[in-house]
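Here the structure is laid out as structure tokens; the discussion comes afterwards.
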Amino acid sequence: MMFIYIMLLYLSFSTCSSELAFDFYADSCPLVETMVKDTVRSASLNDPKVPGKLLRLLFHDCFVEGCDGSVLVQGNDTERSDPANASLGGFEVIEAAKNVVETFCPATVSCADILALAARDSVEFTGGPGIEIPTGRKDGKISLASNVRPNIVDTSFTLNQMKHIFSAKGLSFDDLVTLSGAHTIGSAHCSAFSERFRLDTKGKLKLIDTSLDRTYAAELTQQCGSSQAQTSVTVNNDPETPFIFDNQYYQMLLAHKGLFQSDAVLLDNAKSLKKVEEFANDKNSFFDNWTEAFLKLASIGVKTGEDSEIRRSCSVING
């Protein structure tokens, strides 16, 4: 039954994303997925935080200019230079994969495809569902810092603010709840959630966001208490199973232990709360929904025409 569901999903997806194909590199670079997967696996074994970084990198790429590798470009006034992207990581893994692929298939595989594959592999490598994704993306020629803030979700956003951003990208309300599950892996700097609580002049914890579990807030305060910690200390998004892609994130949400304000607001709406409860109780349901939502995420704003290219290096637009 699951196989039939996945096949119907892929058939439906292919009809609306004709630019991409599941066998795009079958002739030109048949081992590309193996090369990317081996690079991700090696990097993840050396650093268990790599999968979370790569998955987050895809979100920040696709939500700005589409899934075109524009977030990978270095330089003044590029997306990567914007302070909102200062905490992104995993760039070296994408570049390492690109170098391997270029050795065997020069000027053939885009950085955008490598990033999408690497994010997909990161989920599978940490215990999430294996997903076949279509390829054929090209790399964009535009990367501007000014495009970042209007297009990405901030951790302090309200539910309506997130709905607006997701809708603009062709993603549904259910996709929003599902893709928030990416926070089941990864970590964040204290500054991303410190506005939810503070210490008063007597050193006593004061909750600004009273929806946050007080014991959990006290634990976070211990880790993030100093001003220096705000930019130097990172905290796991999921304190229970931080390196496993599972449905623990939703269980933590129901216990009022979502790390970000943008997590907590999923409990404030009847429809999103119902979805959170469903995923918290049924990992298979979360995985099924994740497969569908991830396919949609990885196809946002795909470029295939003359406004795009195959970069020689992921960090530099071809001259």
With side-chain hydrogen bond (donor to acceptor under 3.5 Å, both in side chains) as the test, would you mind laying out the steps for D175 and T178 before giving the verdict? CA-CA 5 Å; D175 293 330; T178 302; 5.4 Å; no
Apply side-chain contact (heavy atoms from CB on, under 4.5 Å) to K138 and list each qualifying residue two or more places apart in sequence or on a separate chain. S308, I310
Nearest 0.5 Å please: distance from the [atom1] atom of [X] over to the [atom2] atom of [Y].
X: D246; Y: T241; atom1: CG; atom2: OG1; result: 3.5 Å
X: M162; Y: T155; atom1: CE; atom2: OG1; result: 10.5 Å
X: L58; Y: F63; atom1: CG; atom2: CZ; result: 9.5 Å

F193: what forms a ring-ring contact (aromatic ring centres under 6.0 Å, His included) with it, not counting sequence neighbours? none
Determine, stepwise, if the pair N236 / S187 fulfils side-chain hydrogen bond (donor to acceptor under 3.5 Å, both in side chains). CA-CA 4 Å; N236 292 324; S187 59; 5.1 Å; no
Return the orientation label for the Y249 and H183 ring planes: parallel under 30°, perpendicular over 60°, tilted otherwise. perpendicular
Hey, any chance I244 and F279 share a hydrophobic cluster, counting ILVMFWY side chains that come within less than 4.5 Å of each other, even indirectly?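 Looking at the clustering, F279 is in a separate group from I244.
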So for atom NZ, which belongs to K283, do other residues, nucleotides or ligands contribute more than 12 heavy atoms lying within a distance under 6.0 Å?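 Open: at most 12 neighbouring heavy atoms sit under 6.0 Å from NZ of K283.
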Answer yes or no: is there an ion pair linking K257 with E240, defined by an N-O contact shorter than 4.0 Å?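 So K257 does not pair with E240 through a salt bridge.
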Salt-bridge contact K274-E278 (side-chain N to carboxylate O under 4.0 Å): no
State which residues pass salt bridge (charged side-chain N to carboxylate O under 4.0 Å, His left out) with R80; sequence neighbours excluded, sorted by chain then number.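 Partners of R80 under the salt bridge (charged side-chain N to carboxylate O under 4.0 Å, His left out) test: none.
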I'd like a table of donor-acceptor pairs (distance under 3.5 Å, sequence neighbours excluded) in which one partner is a side-chain atom from residues 104-121, with atom names and distances.
residue : atom : partner : partner atom : Å
T108    : OG1  : C105    : O            : 3.4
T108    : OG1  : P106    : O            : 2.9
S110    : OG   : D113    : N            : 3.0
S110    : OG   : R137    : O            : 2.6
D113    : OD1  : G136    : N            : 3.4
D113    : OD1  : R137    : N            : 3.2
D113    : OD1  : R137    : NH1          : 2.6
D113    : OD2  : Y25     : OH           : 2.6
D113    : OD2  : G136    : N            : 2.8
D113    : OD2  : R137    : N            : 3.3
R120    : NH1  : I131    : O            : 2.5
R120    : NH2  : E33     : OE1          : 2.9

Heavy-atom closest pair, residues G128 and F287: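 Heavy-atom minimum between the residues: CA-CZ, 3.8 Å.
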Side-chain cluster (under 4.5 Å, hydrophobic types only) that I317 belongs to, other residues: V73
Using links of under 4.5 Å between side-chain heavy atoms of ILVMFWY residues, direct or through other members, which residues join L144 in one cluster?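 Joined to L144, directly or through intermediates: I142.
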Quiz item: cation-pi between K163 and F173, 6.0 Å / 45°: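 Pair K163/F173 counts as cation-pi.
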Check the pair N160 / T158 against side-chain hydrogen bond (donor to acceptor under 3.5 Å, both in side chains), numbers first and verdict last. CA-CA 5 Å; N160 282 337; T158 66; 5.5 Å; no
When the aromatic ring centroids of F286 and F245 are compared, is their separation below 6.0 Å?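 So the answer is yes for these two rings.
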Just by modelled atom types, is the R41 backbone N or O under 3.5 Å from a matching donor or acceptor in the S44 side chain?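 No; judged by distance alone, with no hydrogens or angles, the pair does not exist.
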Between E95 and C314, is there a donor-acceptor pair closer than 3.5 Å when you use the side chain of the first and the backbone of the second? yes
For a side chain to side chain contact (heavy atoms under 4.5 Å, CB included) check, start with the C-alpha distance between L267 and H256, then their side-chain angles and the critical distance, and finish with the verdict. CA-CA 9 Å; L267 303 182; H256 299 281; 3.9 Å; yes
Among K303, K141, E79, exactly one meets side-chain hydrogen bond (donor to acceptor under 3.5 Å, both in side chains) together with S70. Which residue is that? E79
